[in-house]
Amino acid sequence: GRAREALARACAGARDRGEALLGVLGERLGRGPARLSRRDACKALLDMDVGGAITPCGAVVLAERLDVDRDGHIDAGDALAWLVPPRPEAAVREQLSQWVAKAHGGRPRVAFDALDGHSRGLLARADLVPLTEPGLLREPLSKTEADLVFSRMDADGSGCCDLGEF
């Protein structure tokens, strides 16, 4: 409760609050936004006043909660998922479907090709950057949301998304 509110205030106004939260924690460790281990997150949380005094045990619990995907590290996706309840996947999917229908005549292949700037027949994470910029979608995705969307689309875990996965 109080910790989430305090960290949300520290990230207020940032375009990508997941990255901003990592920046706040990384700053306490003398480095920029980066993937943090749970241990480093604990150190950073103990170093800052998060919603009042935090105990070492409380910092451990909070670091565990920040590691949403439970991989032992806190990245921007974890930070955003913890800090801001993500838009429901169905809402993002609906918005993308509307974009395909409106801008590309309801043809997923045309939308896929529009994002596939290298004409490789595969999308990489970087190819979703246009979805984070104003004008394309009614409500642009944050960089972290685009990463989460890509992770869900990349069904085989290859690091690329083909037309079938799209």
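- Minimum interatomic distance between C42 and V60 (heavy atoms only, all atoms of both residues): SG-CA, 3.5 Å.
- Under the 4.5 Å side-chain contact rule for hydrophobic residues, L96 and L122 do not share a cluster.
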| request: Begin from the C-alpha positions of R107 and V100 and carry the test side chain to side chain contact (heavy atoms under 4.5 Å, CB included) through to its verdict. | output: CA-CA 6 Å; R107 297 174 302 195; V100 170; 5.8 Å; no
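- Residues V92 and M153 fall within the same hydrophobic cluster, defined by Ile, Leu, Val, Met, Phe, Trp and Tyr side chains chained together at heavy-atom separations under 4.5 Å.
- Of the possible polar contacts, one joining the Q95 side chain to the E139 backbone as a donor-acceptor pair under 3.5 Å is found.
- One distance of note links CG of L25 with CZ of R31; it measures 10.0 Å at 0.5 Å rounding.
- Remark: E165 CD to D154 CG distance equals 5.0 Å, nearest 0.5 Å.
- I74 and L46 fall within the same hydrophobic cluster, defined by Ile, Leu, Val, Met, Phe, Trp and Tyr side-chain heavy atoms under 4.5 Å apart, directly or through other members.
- When hydrophobic clusters are built by joining Ile, Leu, Val, Met, Phe, Trp and Tyr residues whose side-chain heavy atoms come closer than 4.5 Å, directly or via intermediates, L45 is grouped together with V68.
- Note on L163: it clusters hydrophobically with L115, by side-chain heavy-atom contacts below 4.5 Å among ILVMFWY residues.
- With values rounded to the nearest 0.5 angstrom, R109 atom CZ is found 13.0 Å from H104 atom NE2.
- Listed by first and then second residue, the ring-ring contact (aromatic ring centres under 6.0 Å, His included) pairs that reach into residues 8-31 come to none, sequence neighbours excluded.
- In terms of modelled atom types and a separation under 3.5 Å, the side chain of R17 and the main chain of A79 share no donor-acceptor contact.
- Minimum interatomic distance between D78 and D71 (heavy atoms only, all atoms of both residues): OD2-OD1, 4.2 Å.
- When all heavy atoms are compared, the tightest approach of G121 to D116 is N-OD2, 2.7 Å.
- Taken to the nearest 0.5 Å, the CZ atom of R38 stands 12.0 Å off from the CZ atom of R65.
- Taken from OG1 in T55 to CG in L62, the straight-line distance is 10.0 Å, to the nearest 0.5 Å.
- Taking the charged nitrogens against the carboxylate oxygens, D47 and K43 have no contact shorter than 4.0 Å, which rules out a salt bridge.
- Sorted by first and then second residue, the pairs that involve residues 120-132 and meet side chain to side chain donor-acceptor pair (under 3.5 Å), not counting sequence neighbours, are R120-D127, R125-S151.
- Atoms CG and SG, from L123 and C160 in turn, are 8.5 Å apart once rounded to the nearest 0.5 Å.
- Nearest approach of D67 to H73, heavy atoms of both residues: OD1-O, 2.8 Å.
- For the ring-ring contact (aromatic ring centres under 6.0 Å, His included) condition, the pairs that include at least one residue of residues 145-166, sequence neighbours left out, are F112-F166.
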